[in-house]
Amino acid sequence: MDEFVFVSGHLCLDLAGTKLWRRSLRTELLTSPGDVSRWVRQAELLDDPGPMDTRGLERVRRLREAIYTLVRSWPPGDPPDAEFRDALAEVNDAARLPLPRHQLDASGRLTRTGGVDEVLGAVARDAVDLLSSAQLARTKECANPDCTRLFVDVSRSGARRWCGMAECGNKHKAASYRKRKKQQAVMET
């Protein structure tokens with residue numbers, strides 16, 4: 001079952017999106033080590049993440065929160081506050097970790113191996129790449145007032161508003177349609 005969505009345009013933002021509705025319900029999608037393993041497989045970071053423990057779960061969550069903090073507050077204030085400095089240190093420490101090992105067999109089949117360090121290294125390097133690129137200026141938060149998912153708007157017009165159509169965009173469009181129909185019905189009576 002695919003329970004995670006990958007609509008942000010960056011792996012680090014997809015990880016940040018595993019905590020939903022930060023202003024209200026604060027829905028945690030990574031509640032167990034098994035959830036992290038499923039996210040890693042669905043993100044196609046590793047073919048078989050193997051057993052994950054609670055320490056690995058906490059490390060992934062810490063990195064996720066650091067990424068969210070940095071993306072939401074970049075560039076830092078002068079001087080940067082303690083939360084920003086801690087988040088930056090977390091991301092930089094993880095970015096120094098090894099990357100997943102990629103191998104091809106004779107038939108051209110790719111295998112991706114590693115553990116939690118390699119997952120953290122890959123996600124943190126993606127965050128460093130985003131934070132140091134022009135794409136950061138195109139990073140937005142979903143226009144749904146309850147949704148706190150971040151995404152990179154790569155549309156030509158730069159007018160993308162929703163984290164994803166399946167989650168927030170279609171809900172907004174359906175609600176707008178119902179509202180228009182109701183107003184139309186009232187005007188016709």
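Values below: all heavy atoms of this structure, side chains included; hydrogens, waters and symmetry mates excluded.
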**Student:** Where do P49 and S37 come nearest, in terms of heavy atoms and distance?
**Tutor:** CG-O, 3.4 Å
**Student:** At their closest point, which heavy atom of R41 faces which heavy atom of D48, and how far apart are they?
**Tutor:** NH1-OD1, 4.5 Å
**Student:** I would like to know whether V123 and L45 meet side chain to side chain contact (heavy atoms under 4.5 Å, CB included); could you show each step before the answer?
**Tutor:** CA-CA 9 Å; V123 174; L45 278 168; 4.1 Å; yes
**Student:** In terms of hydrophobic clustering (I, L, V, M, F, W, Y; side-chain heavy atoms under 4.5 Å; direct or indirect links), are V7 and L13 co-clustered?
**Tutor:** no
**Student:** Per the ring pair (Phe, Tyr, Trp, His ring centres under 6.0 Å) rule, what does the pair list look like for residues 74-101, sequence neighbours excluded?
**Tutor:** W74-F84
**Student:** Is the closest side-chain heavy-atom distance between L97 and E118 below 4.5 Å?
**Tutor:** no
**Student:** What heavy-atom pair brings A95 and V128 nearest, and what distance separates the two atoms?
**Tutor:** CB-CG2, 4.0 Å
**Student:** Just by modelled atom types, is the R62 backbone N or O under 3.5 Å from a matching donor or acceptor in the E65 side chain?
**Tutor:** no
**Student:** For the side chain of R23 and the backbone of T148, is there at least one donor-acceptor N/O pair under 3.5 Å apart?
**Tutor:** no
**Student:** Do the charged groups of E141 and R149 touch, with an N to O distance under 4.0 Å?
**Tutor:** no
**Student:** Under the 6.0 Å and 45° cation-pi test, does R160 pair with F151?
**Tutor:** yes
**Student:** A side-chain contact here means heavy atoms from C-beta on lying under 4.5 Å apart; do W39 and E3 qualify?
**Tutor:** no
**Student:** Is the backbone N or O of C12 less than 3.5 Å from a side-chain atom of D126, with the two atoms forming a donor-acceptor pair by type?
**Tutor:** yes
**Student:** Spell out, as yes or no, whether a donor-acceptor pair under 3.5 Å connects the side chain of N144 to the backbone of C168.
**Tutor:** no
**Student:** Rounded to the nearest 0.5 Å, what's the gap from CG on L29 to CG on L15? Could you check?
**Tutor:** 10.5 Å
**Student:** Do E28 and R64 meet the salt-bridge criterion of a basic N to acidic O distance under 4.0 Å?
**Tutor:** yes
**Student:** Looking at P76, is its backbone amide N or carbonyl O close enough to the side chain of S73 to form a donor-acceptor pair, meaning the two atoms are under 3.5 Å apart?
**Tutor:** no
**Student:** Are L20 and L25 close enough, and set up right, to give a side chain to side chain contact (heavy atoms under 4.5 Å, CB included), and what steps lead you there?
**Tutor:** CA-CA 8 Å; L20 303 174; L25 300 174; over 6 Å; no
**Student:** Start with the C-alpha gap between D117 and R59, add the side-chain angles, then the distance that decides, and say whether side chain to side chain contact (heavy atoms under 4.5 Å, CB included) holds.
**Tutor:** CA-CA 9 Å; D117 280 354; R59 290 176 69 199; 2.6 Å; yes
**Student:** Does L99 share a hydrophobic cluster with V91, counting links as ILVMFWY side-chain heavy atoms below 4.5 Å and allowing steps through other members?
**Tutor:** no
**Student:** Nearest 0.5 Å, please: how far is CZ in R109 from CG in L104?
**Tutor:** 10.0 Å
**Student:** How many angstroms lie between atom OG of S133 and atom NE2 of H10, to the nearest 0.5 angstrom?
**Tutor:** 5.5 Å
**Student:** How close do L63 and A94 get, heavy atom to heavy atom, and via which atoms?
**Tutor:** CD1-CB, 4.0 Å
**Student:** Working to the nearest 0.5 Å, report the span between OG1 of T69 and CG of D81.
**Tutor:** 9.0 Å
**Student:** For the hydrophobic clusters of this structure (ILVMFWY residues joined by side-chain heavy atoms under 4.5 Å, transitively), does one cluster hold both L131 and L120?
**Tutor:** yes
**Student:** Ignoring hydrogens and angles, tell me if any N or O in the side chain of D35 forms a donor-acceptor pair with the backbone of T31 under 3.5 Å.
**Tutor:** yes
**Student:** Spell out, as yes or no, whether a donor-acceptor pair under 3.5 Å connects the side chain of D47 to the backbone of R112.
**Tutor:** yes
**Student:** Hey, does the side chain of T18 reach the backbone of D14 with a donor-acceptor pair shorter than 3.5 angstrom?
**Tutor:** no
**Student:** Decide side chain to side chain contact (heavy atoms under 4.5 Å, CB included) for Q135 and V152; before the verdict, give the C-alpha distance in whole Å, the side-chain angles of both, and the deciding distance to 0.1 Å.
**Tutor:** CA-CA 7 Å; Q135 281 192 330; V152 177; 4.1 Å; yes
**Student:** Is there side-chain contact between P100 and L46, with heavy atoms separated by less than 4.5 Å?
**Tutor:** yes
**Student:** Before accepting this row, confirm whether a basic side-chain N of the pair D153/R161 lies closer than 4.0 Å to the acidic partner's carboxylate O.
**Tutor:** no
**Student:** Does the side chain of R26 come within less than 4.5 Å of W21's, by heavy atoms?
**Tutor:** no
**Student:** State plainly whether the residues R55 and E58 are in salt-bridge range, i.e. N to O under 4.0 Å.
**Tutor:** no
**Student:** Are L150 and F6 connected in the hydrophobic side-chain network, where two residues link if heavy atoms are under 4.5 Å apart?
**Tutor:** yes
**Student:** Mind checking whether M52 and F4 sit in one hydrophobic cluster, side chains of I, L, V, M, F, W, Y counted as touching below 4.5 Å?
**Tutor:** yes
**Student:** Grab the two heavy atoms, one from L57 and one from S32, that are nearest each other, plus how far apart they are.
**Tutor:** CD1-O, 3.8 Å
**Student:** Okay, side chain of K140, backbone of C163: is any donor-acceptor separation there less than 3.5 Å?
**Tutor:** no
**Student:** Is the side chain of D93 donor-acceptor paired with the backbone N or O of E90 at a distance under 3.5 Å, no angle test?
**Tutor:** no
